[in-house]
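Everything below concerns the one structure shown next.
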Amino acid sequence: MDQLLYYLQFNFVIYALIVGVLIALCASLLGVTLVLKRYSFIGDGLSHVAFGAMSVAAVLHLVSNTILVMPVTIIVAVLLLKSGRNSMLKGDAAIAMLSVTSLAFGYMIMNVFSGSANVSGDVCSTLFGSTSILTLDIKEVIICIVLSVIVIALYIIFYNKIFAVTFDETFCEATGVPAGRYNFLIAVIIAIIIVLGMNLVGSLLISALIVFPALAAMRVSGTFKGVVILSVIFSVICSLVGMIVSILASTPVGATIVAMDLVCFIIMWIVGRFVVKVD
């Protein structure tokens with residue numbers, strides 16, 4: 001406890017905890033929708049696309065990688081959600097193809113054009129997370145807060161529409177609800193979360209931040225609203241505990257958070273086996 005209180009005196013630790021909690025909260029909101037729409041791995045595919053875009057941005061020496069990474073990820077997210085319907089290339093196949101291609105392309109670009117003396121280390125840090133979450137400045141924290149507030153506000157405002165689109169797009173269109181418009185909104189929010197989350201857990205682990213809390217909540221709740229609320233609670237607690245453990249034990253941030261999510265899922269699975277689900 002003394003060691004934790006000592007670290008909490010530093011602004012960079014406070015910044016990291018704030019950003020980590022906000023990213024976890026936003027990821028858990030859309031995680032429920034993605035799991036129910038059977039797009040659980042879209043986070044993994046988009047994170048690899050973001051990695052490829054980040055590699056190009058690094059080679060071009062852009063002032064901010066987000067200038068390139070964010071729009072590219074949003075465009076691909078929209079295309080992926082559209083590929084699930086009336087397409088020769090279904091959603092899971094499209095995700096698999098883009099995931100592998102983007103990962104290979106990004107790694108090749110960094111090896112061929114990067115001027116860094118430690119390319120392997122840079123790639124590993126980007127894929128699995130690094131200490132970048134502990135080196136945030138106040139500007140980056142403010143950007144994260146603003147984007148997180150926008151994501152949360154959009155989800156709350158369009159909650160009923162997102163709920164409807166999640167379960168039956170055909171019925172939505174039949175009743176006059178533009179399902180395509182709300183799928184576009186979901187895609188944009190997912191892309192924002194992916195880009196923000198890469199600093200926290202890395203490209204390869206971001207899907208766990210999206211999927212695990214939703215799956216854990218589904219073990220103990222039988223309603224959509226209950227699953228969303230529990231998913232947020234589990235995600236925030238696991239991220240907060242994971243980051244604290246990482247700081248105190250000097251373990252990788254991303255891997256530690258995912259380990260906490262896994263422990264949470266196992267506990268909720270056991271509870272769900274012996275306790276009646278709550279509403």
Side-chain angles (χ1 to χ4, degrees), residues 3-4 7-8 10 12-28 30-31 34-35 40-52 54-55 65 69 73 95 99-100 102-104 106-107 110 116 118-136 140 144 190 193-217 231-269:
Q3 187 178 4
L4 176 60
Y7 282 121
L8 290 177
F10 298 100
F12 70 87
V13 175
I14 302 298
Y15 294 161
L17 293 176
I18 292 173
V19 171
V21 167
L22 289 175
I23 293 173
L25 195 159
C26 294
S28 61
L30 268 296
L34 292 182
V35 170
S40 301
F41 277 100
I42 194 171
D44 191 56
L46 288 178
S47 65
H48 291 172
V49 171
F51 170 75
M54 186 176 293
S55 300
N65 290 337
V69 177
T73 309
I95 292 173
S99 178
V100 174
S102 300
L103 192 63
Y107 184 63
M110 291 188 73
S116 173
N118 186 21
V119 174
S120 297
D122 294 340
V123 171
C124 187
S125 296
T126 305
L127 293 178
F128 296 100
S130 64
T131 57
S132 60
I133 189 67
L134 296 175
T135 59
L136 299 173
E140 292 172 315
C144 181
I190 293 169
I193 293 170
I194 294 298
V195 176
L196 291 177
M198 286 182 65
N199 278 334
L200 182 63
V201 296
S203 296
L204 292 183
L205 303 179
I206 186 63
S207 58
L209 201 65
I210 294 174
V211 174
F212 269 124
L215 293 177
S231 178
V232 169
I233 294 173
F234 293 157
S235 184
V236 169
I237 292 176
C238 289
S239 293
L240 192 58
V241 172
M243 293 185 69
I244 291 174
V245 171
S246 174
I247 292 171
L248 296 178
S250 298
T251 56
V253 178
T256 307
I257 293 175
V258 173
M260 294 299 106
D261 282 325
L262 177 60
V263 170
C264 178
F265 171 76
I266 293 173
I267 293 173
M268 292 304 106
W269 180 80

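Just so you know, these numbers come straight off a predicted model, no measurement behind them.
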- request: Search all heavy atoms of C144 against all heavy atoms of V19 and return the closest pair with its distance.
  value: SG-CG1, 3.6 Å
- request: Heavy atoms only: give me the nearest L209-S239 pair and the separation to one decimal.
  value: CD1-OG, 3.7 Å
field: Under the side-chain contact (heavy atoms from CB on, under 4.5 Å) test, residues paired with V232 that sit two or more places apart
entry: L25, S28, L29, V236
Pair listing, side chain to side chain donor-acceptor pair (under 3.5 Å) test, anchored in residues 254-268, at least two apart: T251-T256
- request: Only counting residues at least two apart or in another chain, list the ones meeting side-chain contact (heavy atoms from CB on, under 4.5 Å) with I266.
  value: L262, I270
field: Beyond-backbone contact of I210 with L30, side-chain heavy atoms, under 4.5 angstrom
entry: no
message: Less than 4.5 Å apart, side chain to side chain, heavy atoms only: is that true for L34 and V211?
response: no
task: Would you please name every residue forming a side-chain contact (heavy atoms from CB on, under 4.5 Å) with A216, sequence neighbours left out?
output: F234, C264, F265, M268
- line: Rounded to the nearest 0.5 angstrom, the CD1-CD1 distance for I257 and I244 is 10.5 Å
- line: By side-chain contact (heavy atoms from CB on, under 4.5 Å), V263 pairs with (sequence neighbours left out) I267
message: Tell me if a side-chain donor or acceptor on S235 pairs with a main-chain N or O of S231 at a distance below 3.5 Å.
response: no
